[in-house]
Structures are given as C-alpha cells and as structure tokens.
J.: 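Let me give you the structure first, and then I'll get to my questions.
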Amino acid sequence: MPDLAAHDDAMRGRVMRKVAWRLSPFLGLLYFINYLDRTNISFAAPHGMNEALGFSKAAFGLASGLFFIGYLILEVPSNLALHKFGARRWIARIMVSWGIVASAMAFVPNAGTMYALRFLLGIAEAGFFPGIILYLTFWFPKRQRAKAVALFMVAVPLSSVIGSPLSAWLISSGHQVLWGLDGWRFMFLVEGVPAILIGVVCWFYLTDRPKDAKWLAHDERAWLQHEMDTEHEATARRYHYPIKKALLQPRIWALAFVYFGIVYGLYAVGFFLPTIIAGFKETYHTDFSVFQQGLIVAIPYAFGCVAMVLWSRHGDRTRERVWHVAIPAIVGGIAIPIALYLSSPFTAMIAVTICTMGICAALPTFWPLPTMFLSGAAAAAGIALINSIGNTAGFLGPYITGWLTDLTGSEKLGLWVVGIVMVVAGFVAVALRAAPTPDDAEAVETDLVGHA
C-alpha cells in the first residue's frame, strides 16, 4: 500500500505540473486579452472619447455597463454550448468574434453606435469566463482548483499592471498615426487584433478532455481522466442537481449575490480609477502625464496579483473556502470609501490598493464554492448563471457610480455604495457556509444556510 500511495503521489505531481504548464499560461493570456478589451474604455474616457462622443459620467457608465446586458442574455446558453461542443471550438469562436467587435469600436461615429457595439461585445464574449471555469473542472481536482483559478484570473490585475501603461502609451503615441485616428481610437483598433489571432490559435492548441491530451503519456492520460471522472461521479451522487434544479436553487442565487458584490467592486473601481486619478490634478494639484496616470493605475493591481496567488494557495492548502472569500471582500469594502477622505494622493492610493487586493483575493477563492456541489451539465448551467447574475454588477456598478457622481458632483457617495455592497456580500458568504447538506436535499431548496 505505501508503494501504491507513493506511486499515485508521484503520478499526481508529474501530471498536474504538465497540465498547469500547458493550460494556465495560455488561459491566462486569453483572459488578459479579454479583460483588457472589456475595460480599455476606461482609459479612452478621460483622454478624448467622452468629449468626442458627448458622454457625461452617467452616459460613460451606461456605455461601460451595456456590455453586461448582452453578456447576461446569452451566458447560460453559451456555457451549455461549450459543454456540448467542447472548449476548443467554442472558445476559439468567442475570441474571434470578440476581437472583431473590439476593433470596430475604433470607428464609432457617435454615442449610439458605441452603445450598440458595447452591447454586441457582451454577446460575443458571453460564455468565455464561466466556460473557462467549467473547463478547469475537467482538468484540476478540487484540492488544486482555487490555485488553478487564481493562475487564470491573475490576468485581471495583470491586464491593469501591463494594460494600463500600454493603453496610455497607445493613446498618447498613436494619435493620427493610422488613417487619421485619434489616440483613443487607435488604442481600440490595436488592442482588438490579438483576440482574433489568439482565437485561431485556440483551435489548434486547446484539448477538450484529458483523454484527448496527446501531450500527456498514455498512462498519464488514463490516470487523470479516471481521477476527474471519479470526482465528478462522487459529486453527482452526493448532490443530485439536474440543470433545472441548479438554475432554481436558492443557494445558487445567493452565491450569485456574493459574486455580484465582489464584481461590483471590481468594475466600479476598474472603470473609474483612471478618471479618479486624472482628477488628482484638481483635488491634490498634481500634474501627471497620460502615461504616468497609466503607471499609477497599475500599482494597486500589481499588489492584487500577489494577493490573488498567495491567498488562493493558502485556501487550497487549508481546504477552507468560506472565510477566504468573506475576509477580503469585507476588508476591501471598508477600504474603498476611505480613499476619498485622505489628504494626499499617496495615502488615497494605499486605500485603493487595499481594496483592489481584497477584490483580487476574493475572486478566485469564490469559484471553488459552487463546484463543491455541482457537476456536469448542472455545473455548466449553475456556473454560467452565477457569473451572469454576478456580472450584472458590471452594468450597475459603473452606471450607478457615474450617475451618483453626476448627481452629487463627487465620487464619494458612489464609492460608499461600492463598499457597502462588498461588505454585505462578505457576510452573505459567511451565512451560506460552503455546500448544502446532501442528506437533506429537500430542505436545501428553502434553507440557504446549510453546513460546510
């Protein structure tokens, strides 16, 4: 028995290293491109776009958030399509169509066209993120899933660490370089092209299931496929969730609210941070160039990258899930409104950085929660529903923050709302605990509390 256990441990270590090196960097690159194209409108806004299209703060928030309406409509059907047709085909389709729409934003003549393209961008992208979360459940056992999700989602803060200075540089240096385009239009065009190219690569690079992985040895393929099949079957036996039950389960909707709170903070800060930093000139009498503003935006997300990876590793090592979501959500929610009451840009950025670290730490540690009791098609539907409902925050966060800024003439009230929503989400995560009790399946339908 000790020899068999040692052999299994050696096999596990060898196979999971190969899988991680094969999939994590590539999937992270996809999400980096995806998230950059989703949020680069935040850099275009204070550097020519709002003026050219006649956007108020609320109108900009609407343009930012309309992406999530199209996203919400098609999220569940798209993820079920990925489950049916395979990640290789479906993610390739998403990336190519996404890139075409993202590049087309360079040529918008008016606000109405920008609204339409942001809506189409959401339709094109629907299913990408929950599809990758589902895809990771085909390759990574539960004990290693938070780390796998973190290595994928680290692209979110990296898209700001690298993408913010890049976007700022493209805006400042790309003015009139190509076809007489303004700098912000040039940025949209250039940053949309990689999605098209990488989408073609997806078709040839991704592997749908471990059994199809020619880059693993035969015994490694067999071991991993058996490991994942055994885990999925155990989850299906323990928690009986068909698609309909998964979509109607109160616990799923409550988890969707937890994710909503985290994402509300992510996008409210993400879309308005460049504008807030541009406003330092008036508030603190600073004089930063466009490129310097991009570097400042990158700072909170650099710390967020570190927090995301280290916190998720700690969650996998301790096997604790609930507090690894709740603590960073609550701390981040408390930190963000404080930023607006501090006396210097340096102390304000410290508070913003703490908030960003909280958001980044909570994101990957959240996703192991629903996959503790969902598998197969129910996992595809449930994950997509949680992500789509949660991402309505991507519409409401920027829009409400912008509307409150226009209404009050200050970002303070909008960011107080961000903080409150995040804190409430953290407390809901604690109330839910982790997974429902399988022996009390009927009670789970009405009882949100359950037990870990």
Side-chain angles (χ1 to χ4, degrees), residues 29-53 55 59-68 70-71 94-95 97-108 111 113-122 124-125 128-129 155-175 177-178 181-198 266-278 290-298 300-301 304 356 391 394-395 397-398 402:
L29 175 62
L30 296 184
Y31 199 30
F32 174 87
I33 295 169
N34 173 280
Y35 196 80
L36 181 62
D37 284 344
R38 182 189 298 187
T39 59
N40 59 8
I41 190 174
S42 66
F43 254 92
H47 301 300
M49 185 190 75
N50 281 0
E51 182 179 358
L53 301 181
F55 278 160
F60 164 68
L62 177 62
S64 301
L66 274 172
F67 162 88
F68 296 96
Y71 189 88
I94 286 173
M95 294 302 291
S97 57
W98 168 275
I100 291 171
V101 177
S103 292
M105 289 169 59
F107 305 101
V108 291
T113 307
M114 178 60 82
Y115 290 147
L117 285 178
R118 288 290 295 179
F119 178 75
L120 288 175
L121 199 64
E125 196 268 356
F128 173 81
F129 178 83
V156 172
L158 275 179
S159 71
S160 294
V161 172
I162 300 171
S164 295
L166 173 63
S167 297
W169 178 76
L170 288 172
I171 290 172
S172 59
S173 64
H175 186 69
V177 167
L178 187 65
L181 295 175
D182 292 335
W184 63 271
R185 294 181 183 273
F186 180 77
M187 178 200 67
F188 281 138
L189 180 64
V190 171
E191 292 185 350
V193 171
I196 301 171
L197 300 178
I198 204 73
L266 174 68
Y267 286 112
V269 173
F271 282 123
F272 279 90
L273 185 56
T275 301
I276 292 170
I277 291 173
V290 175
F291 183 69
Q292 287 172 328
Q293 290 173 32
L295 292 175
I296 294 170
V297 169
Y301 293 99
T356 305
N391 271 286
F395 171 76

J.: Are the side chains of F186 and I171 in contact, using a 4.5 Å heavy-atom criterion?
T.: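 Of all side-chain heavy-atom pairs linking F186 with I171, none is under 4.5 Å.
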J.: Taking the side chain as C-beta and beyond, is there a heavy-atom pair between M49 and V108 under 4.5 Å?
T.: no
J.: For the atom pair CZ (R118) and CG (L120), what is the distance rounded to the nearest 0.5 Å?
T.: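 These two atoms lie 11.5 Å from each other.
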J.: Do the non-hydrogen side-chain atoms of L166 and L170 ever get within less than 4.5 Å of each other?
T.: yes
J.: First locate atom OG1 of T113, then atom CE of M105, and finally report the distance between them rounded to the nearest 0.5 Å.
T.: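 Going from OG1 on T113 over to CE on M105, the span is 11.5 Å.
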J.: Can you name the residues that form a side chain to side chain contact (heavy atoms under 4.5 Å, CB included) with P165, not counting sequence neighbours?
T.: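 Result, side chain to side chain contact (heavy atoms under 4.5 Å, CB included) vs P165: F291, L295, A298.
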J.: Could you report the tightest heavy-atom contact between A45 and F60, atom names first, then the distance?
T.: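 Shortest heavy-atom separation between A45 and F60 comes out as CB-CE1, 3.4 Å.
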J.: Are L181 and F107 side-chain neighbours, meaning at least one heavy-atom pair lies under 4.5 Å?
T.: yes
J.: So which atom in E191 and which in S167 form the shortest heavy-atom distance, rounded to 0.1 Å?
T.: OE2-OG, 2.8 Å
J.: Indicate the atoms forming the closest heavy-atom contact of A124 with I94, along with that distance.
T.: O-CG2, 3.6 Å
J.: Of N34, V193, L30, which is the lone residue that meets side-chain contact (heavy atoms from CB on, under 4.5 Å) with I198?
T.: L30
J.: Looking only at non-hydrogen atoms, find the nearest pair between F188 and N40 and report the distance.
T.: CE2-OD1, 3.1 Å
J.: Keeping S103 on the side-chain end and I100 on the backbone end, is there a donor-acceptor pair under 3.5 Å?
T.: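 Side chain of S103 to backbone of I100, a donor-acceptor pair under 3.5 Å: no, none is there.
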J.: Locate the shortest heavy-atom distance separating A195 from D37; write the atom from each residue and the value.
T.: CB-OD2, 4.0 Å
J.: Taking all non-hydrogen atoms of both residues, which atom of I41 and which atom of A63 are closest, and how far apart?
T.: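 Closest heavy-atom pair between I41 and A63: CD1-CB, 4.3 Å.
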